[in-house]
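Numbering of ligands and ligand atoms starts at 1, following listing order. Excluded from the calculations below are hydrogen atoms, water molecules and symmetry mates; all remaining heavy atoms, backbone and side chain alike, are included. Note that the structure is a prediction, hence the values are computed from the model and not measured.
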Amino acid sequence: MPKVIVCGRGGSGKSTLVVLLAKALAERGKVLVVDADESNLGLPQMLGQEAPAKTLMGCLGGKKAVRERLKAALRGEGGEKVAFFTESFTPDDLPDECVSGKWPVKFLRVGKIEHSMEGCACPMGALARSFLKHLQTGSEEWVLVDTEAGVEHFGRGLLEGVDLVLGVVDPSYEAVLLAERARALTAEAGKKFGVVLNKVSEETEAFLRQELSARGIEVWGVLKLDTDIMRANLKGEPVPLEGTRRQMETLVTKLIT
Ligand SMILES: Nc1ncnc2c1ncn2[C@@H]1O[C@H](COP(=O)(O)OP(=O)(O)OP(=O)(O)O)[C@@H](O)[C@H]1O
C-alpha cells in the first residue's frame, strides 16, 4: 500500500490530515506515521500517543554522527548517495526505542532541532530520504509522512521513497500557488499528486475547486472547517475522527484505487 507524503503551507492542516488519515486507515490495516518536520512537536499529542524514546537520528548516533556520514558521502567515500541503510526493511523491523504506539498506528520521528546554533537540517533531510526509500510496505500497511511547511523537502529528494503526494489547501491564494508548485515538482519526480481542501465552507470550497481546476489540479478530498477539531486542538487533545469519518472514507477510497 502507498507511502504518502503530506505537504502544504504553514498551518494549512498537514498534521491534522495525517492524524485523521491514520485513524481512518487504522480500521483497514497498519499505519506508520513518520514525522519529517524538524520543528513541530505536537504530532504525538494530536495522535493521542507518547513520543518515541529516541528519534531515528538519535538511534543512529545523533546529528553529529549522521552529519559525518553525509560529509563522507559528499567527499565521495562510499558512493554518491549516503548509505544510511543498505537493505530494505519493514515497519515491523523498526527498533522499539525509535517507535511509539502499538499497531494499528505507530509513530516515528526522523529528528528535531534540539539546540540553538546546531546547524542546518540537511542531515535530517538526507536521513528521511534514505529511510523512506528503504522502507517496504505490505498490502495492508500505509506510511504517512508529515512534512514541514513549503517545498524544501522536494529539493531534498524526499519524494524518491514515496508513492503519492497529498497537498493540503486551505482557503488562501498562497496555498493555491504552493499546490501548483508542488504538483509541478511531483510530476518531475514521476509521482501522483492530489489535494485535500481544508477548513473550507461551501463558498470557499467552490472557489478553490474553480482555481485548482483551472490549474489542472485534482481534488481528492475535502475537510470542512470543524469546531470539534479546533476545540480539541485548543485543549491539547487528540484530533477527533468522528465528525470527518465520511469525508475521510472518500479520501481513503481515492488513495487506494
Ligand atoms: N478542518 C479543520 N477545522 C478546524 N480547524 C482545523 C482544521 N484543520 C486544521 N485545523 C487547525 O488549524 C491549526 C493548524 O493545523 P495543523 O497543525 O494540522 O497545521 P500544519 O499545516 O501541520 O501546521 P505547521 O505548518 O505549523 O506544521 C490547528 O489549530 C488545527 O487544529
Side-chain angles (χ1 to χ4, degrees), residues 4-25 31 33-49 51 55 105 107-113 121 124-125 128 143-156 158 162 165-179 181-182 193-209 212 219-252 254:
V4 183
I5 195 164
V6 177
C7 66
R9 77 179 191 126
S12 58
K14 299 177 291 297
S15 303
T16 303
L17 179 66
V18 164
V19 171
L20 290 173
L21 250 185
K23 290 187 176 188
L25 287 167
V31 188
V33 174
V34 175
D35 185 0
D37 181 338
E38 295 95 22
S39 312
N40 281 3
L41 299 170
L43 193 50
Q45 160 257 314
M46 289 169 85
L47 269 171
Q49 293 195 355
T55 61
V105 181
F107 175 73
L108 174 140
R109 267 177 173 164
V110 177
K112 290 286 163 193
I113 305 282
M124 292 178 212
V143 176
L144 302 177
V145 187
D146 190 14
T147 60
E148 65 178 85
V151 289
E152 192 179 339
H153 40 279
F154 286 91
R156 290 178 184 166
L158 218 57
V162 302
V165 179
L166 205 48
V168 183
V169 174
D170 65 345
S172 69
Y173 187 57
E174 171 72 17
V176 174
L177 290 185
L178 197 60
R181 185 89 196 101
F193 180 81
V195 298
V196 173
L197 308 183
N198 190 25
K199 307 191 202 182
V200 289
S201 63
E202 234 169 79
E203 190 188 354
T204 53
E205 178 182 343
F207 182 78
L208 285 175
R209 279 187 181 278
L212 293 163
V219 175
W220 288 351
V222 180
L223 274 173
K224 302 279 182 203
L225 186 69
D226 184 316
T227 43
D228 289 341
I229 293 179
M230 248 185 256
R231 190 176 308 110
N233 185 277
L234 274 174
K235 291 183 174 172
E237 290 172 357
V239 184
L241 175 65
E242 288 68 34
T244 67
R245 202 174 276 277
R246 202 172 43 80
Q247 291 135 290
M248 295 316 295
E249 268 308 306
T250 309
L251 176 59
V252 167
K254 187 81 200 170

Quick one: nearest non-hydrogen protein atom to [atom], plus distance?
atom                    : value
atom 10 (N) of ligand 1 : Lys199 CE, 3.6 Å
atom 21 (O) of ligand 1 : Lys14 NZ, 2.7 Å
atom 14 (C) of ligand 1 : Gly11 O, 3.6 Å
atom 24 (P) of ligand 1 : Asn40 ND2, 3.3 Å
atom 4 (C) of ligand 1  : Asp226 O, 3.3 Å
atom 6 (C) of ligand 1  : Ile229 CG2, 3.7 Å
atom 18 (O) of ligand 1 : Thr16 OG1, 2.6 Å
atom 28 (C) of ligand 1 : Asn233 ND2, 3.6 Å

### Query
Of the choices Val18, Asp146, Asn198, Leu223, which has the non-hydrogen atom that lies closest to atom 2 (C) of ligand 1?
Asn198

### Task
For side-chain contact (heavy atoms from CB on, under 4.5 Å), just list the numbers for Leu17 and Met248, CA-CA rounded to whole Å, side-chain angles, deciding distance to a tenth of an Å, and then say yes or no.
CA-CA 9 Å; Leu17 179 66; Met248 295 316 295; 4.0 Å; yes

### Task
Please indicate whether any nitrogen or oxygen in Thr147 is less than 3.5 Å from any nitrogen or oxygen in ligand 1.
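No - when backbone and side-chain N and O of Thr147 are compared with those of ligand 1, no distance drops under 3.5 Å.
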
### Task
Using distance alone, determine whether Ala149 and ligand 1 share an N or O pair under 3.5 Å.
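No: no nitrogen or oxygen of Ala149 is under 3.5 Å from one in ligand 1.
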
### Task
Compute the minimum heavy-atom distance from Gly8 to ligand 1 and say whether it is under 4.0 Å.
no

### Message
Rounded at 0.5 Å granularity, tell me how far CZ in Arg181 sits from CG in Leu177.
### Response
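Arg181 atom CZ to Leu177 atom CG measures 11.0 Å (nearest 0.5 Å).
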
#### Entry: Atom pair CG/OG1 of Asp146 and Thr16 - distance to nearest 0.5 Å
9.0 Å

### Task
Take Val252 and Leu25, measure what side-chain contact (heavy atoms from CB on, under 4.5 Å) needs, and give me the verdict at the end.
CA-CA 7 Å; Val252 167; Leu25 287 167; 3.8 Å; yes

Show me which atoms of ligand 1 lie under 4.0 Å from any heavy atom of [X].
X      : answer
Asp37  : 27 (O)
Gly13  : 15 (O), 16 (P), 18 (O), 19 (O), 20 (P), 21 (O)
Leu225 : 3 (N), 4 (C)
Gly10  : 25 (O)

#### Entry: Validation row: Val19, Lys23 side chains within 4.5 angstrom (heavy atoms)
yes

### Query
Would you say the side chain of Met46 lies within less than 4.5 Å of the side chain of Ile229, judging by non-hydrogen atoms?
no

### Task
Could you tell me which non-hydrogen atom of Ala179 sits nearest to which non-hydrogen atom of Leu212, and how far apart they are?
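Smallest interatomic distance, heavy atoms only, reads CB-CD2, 4.3 Å.
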
## Note on the structure
Tightest non-hydrogen contact, residues Ala36 and Val110, listed as CA-CG2, 4.1 Å

### Query
Would Val18 and Ser15 count as a side-chain contact (heavy atoms from CB on, under 4.5 Å) if you check the C-alpha gap in whole Å, the side-chain angles of each, and the deciding distance to 0.1 Å?
CA-CA 5 Å; Val18 164; Ser15 303; 5.5 Å; no

### Query
Taking it one step at a time, do Leu166 and Leu21 satisfy side-chain contact (heavy atoms from CB on, under 4.5 Å)?
CA-CA 11 Å; Leu166 205 48; Leu21 250 185; 3.8 Å; yes

### Query
Side chain, backbone, both or neither: which part of Glu148 has a heavy atom under 4.0 Å from ligand 1?
neither

### Query
Is there any salt bridge (charged side-chain N to carboxylate O under 4.0 Å, His left out) pair reaching into residues 195-209, and which pairs are they, with sequence neighbours excluded?
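Residue pairs passing salt bridge (charged side-chain N to carboxylate O under 4.0 Å, His left out), neighbours aside: Glu205-Arg209, Glu205-Lys224.
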
